[in-house]
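This report refers to the structure that appears directly beneath it.
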Amino acid sequence: MKYNGSCHCQCITFTAEFTLTKPTVCDCSYCSKRNTILHIADKLTILKGENKLSCYRFNQKKAAHYFCQHCGIFVYSTPPKPIYPYAIALCTLDECQWQNLPLYHFNGQAL
């Protein structure tokens, strides 16, 4: 399914395509501190504001975490290959009903 999403200030808008099956909580230090619920997506298209995205990498610098330069909202990450192409922040999506699904716990500390 195709979902529309944005950061809080609407500087960044995008679409993501995936089948909603596994909302994920990652236990790496960065994801756990920002309390983000993620979902793996095969396709992500930035519609507006790609130049407004900033990237944060930490520890071994394997994953790239993208957020809006203006409002600071985390939008997505690109994990180390070949795990999966994108991890989308579900709370940035419009009309995505993930709250009643069981959460999958990903061992990001092991990366």
Side-chain angles (χ1 to χ4, degrees):
M1 182 167 184
K2 185 185 258 186
Y3 295 96
N4 295 313
S6 67
C7 64
H8 184 259
C9 69
Q10 304 287 312
C11 275
I12 298 153
T13 61
F14 62 94
T15 62
E17 293 183 40
F18 59 92
T19 301
L20 182 62
T21 57
K22 197 187 288 186
T24 300
V25 175
C26 175
D27 68 0
C28 81
S29 61
Y30 189 60
C31 288
S32 61
K33 284 189 181 282
R34 68 176 185 232
N35 198 30
T36 301
I37 308 299
L38 305 166
H39 203 287
I40 295 167
D42 292 321
K43 187 171 182 185
L44 171 72
T45 304
I46 303 296
L47 303 174
K48 181 178 86 172
E50 188 166 7
N51 62 334
K52 304 295 184 194
L53 285 167
S54 286
C55 177
Y56 176 68
R57 293 176 186 260
F58 67 98
N59 194 10
Q60 297 178 27
K61 305 199 184 316
K62 292 181 179 180
H65 302 266
Y66 292 91
F67 60 94
C68 175
Q69 295 173 4
H70 293 279
C71 66
I73 295 297
F74 166 70
V75 177
Y76 73 96
S77 65
T78 54
K81 303 287 187 219
I83 297 175
Y84 43 82
Y86 303 100
I88 308 297
L90 286 179
C91 292
T92 62
L93 300 178
D94 303 332
E95 301 180 24
C96 180
Q97 302 300 317
W98 59 268
Q99 294 85 350
N100 293 326
L101 294 174
L103 293 177
Y104 172 74
H105 295 272
F106 180 74
N107 184 7
Q109 290 182 1
L111 295 178

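The model shown is predicted, which means the values in this text are computed figures rather than measured ones. Numbering starts at 1 and runs along the sequence shown.
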Exercise. For Thr24 and Lys22, indicate whether the former's side chain and the latter's backbone hold a donor-acceptor pair under 3.5 Å.
Key: yes
Rounding to 0.5 Å, atoms SG (Cys9) and NE2 (His70) come to a distance of 6.0 Å
Closest non-hydrogen atoms of Pro102 and Pro23, given as atom of the first, atom of the second and distance, are O-CD, 3.7 Å
With sequence neighbours left out, the residues meeting side chain to side chain donor-acceptor pair (under 3.5 Å) with Glu50 are none
Heavy atoms of Ser77 and His65 approach each other most closely as CB-ND1, 3.7 Å
* Crowded around Gln99 CD? As in, over 12 foreign heavy atoms under 6.0 Å? -> yes
Sorted by chain and number, sequence neighbours left out, side chain to side chain donor-acceptor pair (under 3.5 Å) with Ser6 holds for Gln10
Side-chain donor or acceptor of His39 paired with backbone N/O of Thr21 under 3.5 Å: yes
Residues at least two apart in sequence or cross-chain that pass side-chain contact (heavy atoms from CB on, under 4.5 Å) with Lys33, listed by chain then number, are none
Taking every heavy atom of Ser54 against every heavy atom of Gln69, the minimum-distance pair comes out as OG-CG, 2.9 Å
Residues passing the side-chain contact (heavy atoms from CB on, under 4.5 Å) test with Asp42, sequence neighbours excluded, are Pro85
Going by chain and number, the hydrophobic cluster around Leu101 (ILVMFWY, side chain to side chain under 4.5 Å) further includes Met1, Tyr3, Ile12, Phe14, Phe18, Leu20, Val25, Ile37, Leu44, Ile46, Leu53, Tyr66, Val75, Tyr76, Tyr86, Ile88, Leu90, Leu93, Trp98, Leu103
Apart from Phe74 itself, members of its ILVMFWY cluster (side-chain separation under 4.5 Å) are Leu38
By side-chain contact (heavy atoms from CB on, under 4.5 Å), Ser32 pairs with (sequence neighbours left out) none
Ser29 meets the side-chain contact (heavy atoms from CB on, under 4.5 Å) criterion, sequence neighbours left out, with Phe58
Thr13 meets the side chain to side chain donor-acceptor pair (under 3.5 Å) criterion, sequence neighbours left out, with none
